[in-house]
Amino acid sequence: DGGITQSPKYLFRKEGQNVTLSCEQNLNHDAMYWYRQDPGQGLRLIYYSQIVNDFQKGDIAEGYSVSREKKESFPLTVTSAQKNPTAFYLCASSRNPVSLTDTQYFGPGTRLTVL
Amino acid sequence: AQKITQTQPGMFVQEKEAVTLDCTYDTSDQSYGLFWYKQPSSGEMIFLIYQGSYDEQNATEGRYSLNFQKARKSANLVISASQLGDSAMYFCAMREARMDSNYQLIWGAGTKLIIKP
């Protein structure tokens with residue numbers, strides 16, 4: 001079964017800690033994305049990567065970091081510099097990121113709570 | 001200014017009725033794409049339907065169709081014969097073809113749809 005997996009499903013973090021959210025895809029997609037979702041709001045782009053070993057900041061990259069060492073994997077680290085990290089985090093991938101019709105497919109999400 | 005506006009924060013609809021979810025967008029581009037996604041309470045975003053700005057026909061996908069009115073800049077999602085499993089958040093998103101947009105999706109705030117038995 002092709003798809004996108006995210007782990008863990010729920011994550012609790014103490015203030016001042018860095019945490020890493022995992023995202024893996026076996027769809028052979030070139031592009032991967034990280035979004036943040038807050039209650040009552042649409043998705044906001046944190047980082048995206050159109051190719052291995054390259055990634056770009058999205059609209060709200062401050063306090064986050066990513067890496068893209070393998071095509072299948074795009075982990076997101078939420079650093080202690082992120083002031084309000086409690087949110088739902090969604091990872092997505094797509095085949096052709098510079099096409100107008102390119103469809104993004106999503107993983108099940110990770111809910112991060114700061115204690 | 002909001003690029004994607006979904007004016008209905010929440011809707012209640014009787015099972016088996018058709019439902020229309022509104023989406024208006026703002027762009028000066030001639031070339032763009034519009035997407036609808038469904039987000040059940042489990043959280044995963046599920047792609048439903050796509051409409052390109054140059055598509056002459058309204059997009060359809062099973063019980064989903066798009067009422068695309070280009071001059072009005074609206075792309076309303078129509079769900080026919082609603083089912084209890086349609087209860088979810090629904091998001092409209094747009095991609096512009098401009099280089100400075102980096103081809104990224106712009107998202108609306110969503111509409112919460114609840115289907116009543």
Side-chain angles (χ1 to χ4, degrees), chain A residues 3-11 21 23 25 27 29-51 54-61 87-112, chain B residues 2-10 21 23-25 27 29-55 59 61 64 66 88-112:
Chain A
I4 302 171
T5 56
Q6 291 185 240
S7 61
K9 189 174 176 68
Y10 298 97
L11 186 57
L21 283 58
C23 178
Q25 55 101 358
L27 300 169
H29 285 169
D30 284 325
M32 296 187 76
Y33 311 81
W34 274 106
Y35 289 95
R36 171 180 170 140
Q37 186 178 27
D38 293 285
Q41 297 188 30
L43 276 62
R44 292 185 291 168
L45 183 65
I46 305 172
Y47 268 98
Y48 64 100
S49 167
Q50 295 183 343
I51 197 166
D54 186 49
F55 49 83
Q56 310 293 331
K57 290 183 179 180
D59 299 321
I60 56 164
F88 188 56
Y89 291 86
L90 283 159
C91 177
S93 71
S94 71
R95 185 180 306 279
N96 186 0
V98 293
S99 163
L100 202 59
T101 63
D102 186 50
T103 299
Q104 293 182 11
Y105 295 93
F106 286 79
T110 293
R111 192 166 298 278
L112 173 63
Chain B
Q2 293 282 350
K3 287 244 178 183
I4 297 285
T5 303
Q6 295 182 251
T7 56
Q8 309 147 310
L21 303 178
C23 174
T24 58
Y25 57 91
T27 181
D29 286 4
Q30 296 301 309
S31 184
Y32 52 89
L34 296 154
F35 299 78
W36 276 93
Y37 282 82
K38 172 184 178 181
Q39 186 179 39
S41 57
S42 58
E44 184 173 347
M45 298 286 277
I46 302 166
F47 167 69
L48 295 177
I49 197 166
Y50 168 81
Q51 178 83 45
S53 58
Y54 290 117
D55 293 341
E61 195 69 52
Y64 304 107
L66 240 157
M89 285 289 291
Y90 288 82
F91 291 91
C92 179
M94 175 176 67
R95 176 181 287 119
E96 296 167 304
R98 302 192 332 263
M99 285 298 289
D100 63 355
S101 74
N102 291 316
Y103 288 87
Q104 295 311 311
L105 288 173
I106 304 163
W107 295 82
T111 294
K112 184 167 186 174

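Small disclaimer: the values here were computed from a predicted structure and weren't measured.
A 6.0 Å sphere centred on CD1 of Ile51(A) holds no more than 12 heavy atoms belonging to other residues, nucleotides or ligands. The local environment of CD in Gln41(A) is crowded, with over 12 non-hydrogen atoms from other residues, nucleotides or ligands closer than 6.0 Å. Remark: Arg44(A) CZ is packed, more than 12 non-hydrogen atoms of other residues, nucleotides or ligands lying under 6.0 Å away.
The greatest number of non-hydrogen atom pairs below 4.5 Å with chain B, out of Ser99(A), Gly109(A), Ala92(A), is found for Ser99(A). Between chain B and the options Ile4(A), Asp59(A), Thr101(A), the largest number of non-hydrogen pairs under 4.5 Å is found for Thr101(A).
Residue contact with chain B, scored on non-hydrogen atoms closer than 4.5 Å, is absent for Gln56(A). Within the 4.5 angstrom heavy-atom criterion, atoms from both the backbone and the side chain of Leu100(A) approach chain B. For Asp102(A), the parts lying near chain B are the backbone and the side chain together; criterion is any non-hydrogen pair under 4.5 Å. Neither the backbone nor the side chain of Ser94(A) comes within less than 4.5 Å of any heavy atom in chain B.
Under the ring-ring contact (aromatic ring centres under 6.0 Å, His included) criterion, Tyr54(B) pairs with no residue, sequence neighbours left out.
Each side-chain hydrogen bond (donor to acceptor under 3.5 Å, both in side chains) pair with one or both residues in residues 34-51 of chain B, not counting sequence neighbours, appears once here: Gln37(A)-Gln39(B).
For the atom pair CG (Leu48(B)) and OG1 (Thr103(A)), the distance works out to 11.0 Å, reported to the nearest 0.5 Å.
Here the side chains of Leu43(A) and Met45(B) are in contact, with some heavy-atom distance below 4.5 Å.
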